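Here the structure comes first, spelled out in structure tokens, and everything after it is commentary.
Keep in mind that this is a model prediction, so the values were computed, not measured.
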Amino acid sequence: MYSLLRPALFCMDAERAHGAGLRALDLAYRSGTLGLLASRPAPLPTRAFGLEFPNPVGLAAGLDKNGEHIDALFALGFGYVEIGTVTPRPQAGNPQPRLFRVPEHLGVINRMGFNNAGVDALVANVRAARRDRGILGINIGKNKDTPNELAHTDYLTCLEKVYALADYITVNISSPNTAGLRELQEEQALRELVSRLREGQEALAARHGKRVPMLVKVAPDLSDADVDAAARVLAELQVDGVIATNTTIARLGMENHPLASQAGGLSGAPVMARSTAVLRRLRTRLPESIPLIGVGGICSGADAAAKMSAGATMVQLYSGLVYRGPALIGECVESIRRRREAPSSGVAHL
């Protein structure tokens, strides 16, 4: 069914198509016809961060920034859905146009800029959702006009407001579309920010009587030395997990494309190799007690299996869905299942 819908969506501006696709998804969910888009994969239980996931294939943050489509997205077959990035106050994001497809390369360029309705709106949407399946992650960020020296206040505000509703929380310090945000990945800034957030996490755990895992999402554009430094800090501070990676500011393999000059982060197939290299390096430098989620460039089941081979415990999709549709979810689950069941895979315990 998606193959029939895709030409109509691709005739629209990318951001309009994004909204139209989500409205169509909600309509199919409410009418009980979602099964025409995709069949749910058979369960493939995966344990990570102290949580039991129905399967290891999730939706990356960015598709549903305000948590308005949670139930419909779960109905597609994701084992977990990550909503956001959300900021304390609403913000419009960057001027349009700010989202561009690069179909020749199965890529997407975006400079959305954390456009969202604010954390209070997201909280209301999450409370209204049925949430009868899967694990819900909430991705938090800072407002663009909050200086980096006060960034911790924005992250702590979001952490506190979403804590009781999230199954896990992701700290986004790696989007290239908020000026200066990636500076928070530098070793000293990262230590200061994550230390404050870890203190906040433990205080909230005591207050709520439950400990919600906190993950950190990193960029693919870090140098090897920066990856090593980030790994040292994140291991020292005992974060619950790391997501590798966000979008890239490089134009990998498409430097001469007409859209290559568009500012923003590139996702999809072009980032697969670099993202996976960062994932692999992190796996060799972080303790096994810190699981990794592999995201960036997954456009096939083989790509998902490659992320697992590089050290991921689970994977996330986003841009691949634009080109492949919901069938990609089940394809990735089955590819990971085959890898687990292979006698030499060594991952049957996951």
Where do Gln316 and Val295 come nearest, in terms of heavy atoms and distance?
O-CG2, 3.5 Å
Between Asp71 and Arg133, is there a side-chain N and carboxylate O pair less than 4.0 Å apart?
no
Quick one: does NZ or CZ of Arg6 land under 6.0 Å from the six-membered ring centre of Tyr2, within 45 degrees of the ring axis?
no
Quick one: do the Arg98 and Gln262 side chains pair a donor with an acceptor below 3.5 Å?
no
Going by distance alone, is a donor N or O of one side chain under 3.5 Å from an acceptor N or O of the other, for Asp154 and Thr157?
no
Linking I/L/V/M/F/W/Y whenever any side-chain heavy atoms sit under 4.5 Å apart, do Leu136 and Met314 land together?
no
Go through the steps to decide whether Thr146 and Asn143 satisfy the test side chain to side chain donor-acceptor pair (under 3.5 Å), and finish with yes or no.
CA-CA 5 Å; Thr146 300; Asn143 283 108; 4.8 Å; no
Answer yes or no: is there a side-chain heavy-atom contact under 4.5 Å between Leu317 and Ile329?
yes
Considering only heavy atoms from C-beta outward, does the side chain of Val218 approach that of Asn246 to under 4.5 Å?
no
Identify the two heavy atoms, one from Arg340 and one from Pro56, that lie closest to each other, and give their separation to 0.1 Å.
NH2-CG, 4.0 Å
State whether Arg198 and Glu236 are salt-bridged, where the test is any N-O pair (Lys NZ or Arg NE/NH1/NH2 against Asp/Glu carboxylate O) under 4.0 Å.
no
Are Arg337 and Glu341 ion-paired here, with the side-chain N under 4.0 Å from a carboxylate O?
no
Taking the six-membered ring of Phe10 as reference, does the NZ or CZ atom of Arg101 fall below 6.0 Å from its centre and within a 45° cone about the axis?
yes
Less than 4.5 Å apart, any side-chain heavy atom of Ile336 and any of Leu44?
yes
Say you draw a straight line from CZ of Arg283 to CG of Leu292; how long is it, rounded to the nearest 0.5 Å?
4.5 Å
Side chains of Thr276 and Lys307: is there a donor and an acceptor less than 3.5 Å apart?
yes
I'd like to know if the side chain of Arg251 and the backbone of Ala260 have a donor-acceptor N/O pair within less than 3.5 Å.
yes
Compute whether any side-chain donor of one residue and acceptor of the other, for Lys144 and Thr87, lie under 3.5 angstrom apart.
no
Heavy-atom distance under 4.5 Å between the side chains of Tyr80 and Ile293, does that happen here?
yes
Which atom names give the shortest non-hydrogen contact between Phe49 and Leu215, and what distance separates them?
CZ-CD2, 3.7 Å
Within a strict 4.5 Å, meaning less than it, do heavy atoms of the Leu197 and Val239 side chains meet?
no
Side-chain contact, heavy-atom cut-off 4.5 Å: Ser309 with Arg339?
yes
Determine the minimum heavy-atom distance between Lys217 and Thr245, stating which atoms define it.
CE-O, 3.9 Å
Any side-chain heavy atom of Asn110 within less than 4.5 Å of one from Thr247?
yes
Are any of the side-chain nitrogens in Arg281 or Asp224 under 4.0 Å away from the carboxylate oxygens of its partner?
yes
Where the side chain of Asn256 meets the backbone of Pro258, is there a donor-acceptor pair that is under 3.5 Å apart?
no
Is Arg274 salt-bridged to Asp221, going by a charged N under 4.0 Å from an acidic O?
no
Report yes if some heavy atom in the side chain of His152 is under 4.5 Å from a heavy atom in the side chain of Glu192; otherwise report no.
no
Would Glu68 and Asn125 count as having a side-chain donor-acceptor pair, cut-off 3.5 Å?
no
Smallest separation among heavy atoms of Val123 and Leu165, with atom names:
CG1-CD1, 3.6 Å
Where does the angle between the aromatic ring planes of Phe53 and Tyr168 fall among parallel (under 30°), tilted (30 to 60°) and perpendicular (over 60°)?
tilted
To check you understand the geometry: which heavy-atom pair defines the closest contact between Met272 and Gly297, and what is its length?
SD-O, 3.7 Å
